[in-house]
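Since the structure comes first, as C-alpha cells, the remarks are kept for the end.
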Amino acid sequence: MAGNTLQSGTHVARTDVRLMPDGTYEAQVFVRLTREPEVAETYIPAGIHPDERSALEAAQQRARRALDNHEF
C-alpha cells in the first residue's frame, strides 16, 4: 500500500508505512511547510501495527490531527 499526501493551507503531511523486521508495520507521518523541501520534514510516529492496512489508517488519522492542530 502506498501512503498519501494531505495538504492544509501552507502545510503538507505525508504518510508512509514501513515493514519492520518482526513482521509488524510502523505508521509514519512527515510534516513540513509547502515551501520547504522534503529534507525539512518533521517525523511524527503513529505507532506499530499488526498489518499494513491498520498502519496506513493510523498514519492518515495522525496526519489529519497534525494538520488540524498545527502540530509542527
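Residues take their numbers from the sequence shown, with the count starting at 1.
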*Any donor-acceptor pair under 3.5 Å linking the side chain of Q7 with the backbone of G9?*
yes

*Say you draw a straight line from NE2 of H70 to OG of S8; how long is it, rounded to the nearest 0.5 Å?*
6.5 Å

*Check the pair T5 / V12 against side chain to side chain contact (heavy atoms under 4.5 Å, CB included), numbers first and verdict last.*
CA-CA 7 Å; T5 301; V12 173; 3.3 Å; yes

*asked:* Which heavy atom of A55 sits nearest to which heavy atom of A27, and what is that distance?
replied: O-CB, 3.1 Å

*Taking T15 for the side chain and N4 for the main chain, is one N or O donor matched with an acceptor at less than 3.5 Å?*
yes

*State, with a plain yes or no, whether a side-chain heavy atom of I44 is found less than 4.5 Å away from one of R62.*
yes

_M20 CE to E26 CD distance, which is reported to the nearest 0.5 Å_ = 5.0 Å

*Side chain to side chain, Y25 and R18, heavy atoms closer than 4.5 Å*: no

*Can you tell me how far CG of D22 sits from CD1 of I48, rounded to the nearest 0.5 angstrom?*
7.5 Å

*Atom CG in D51, atom OG1 in T24: separation rounded to 0.5 Å?*
10.5 Å

*Going through the checks in order, is the side chain to side chain contact (heavy atoms under 4.5 Å, CB included) test met by R32 and R14?*
CA-CA 9 Å; R32 64 180 169 87; R14 180 175 59 85; over 6 Å; no

*Mind checking whether V31 and L6 sit in one hydrophobic cluster, side chains of I, L, V, M, F, W, Y counted as touching below 4.5 Å?*
yes

_Inter-residue atom distance T10.OG1 - E36.CD, 0.5 Å rounding_ = 9.5 Å

*Which heavy-atom pair separates L67 from H11 by the least distance, and what is that distance?*
CD2-CB, 3.8 Å

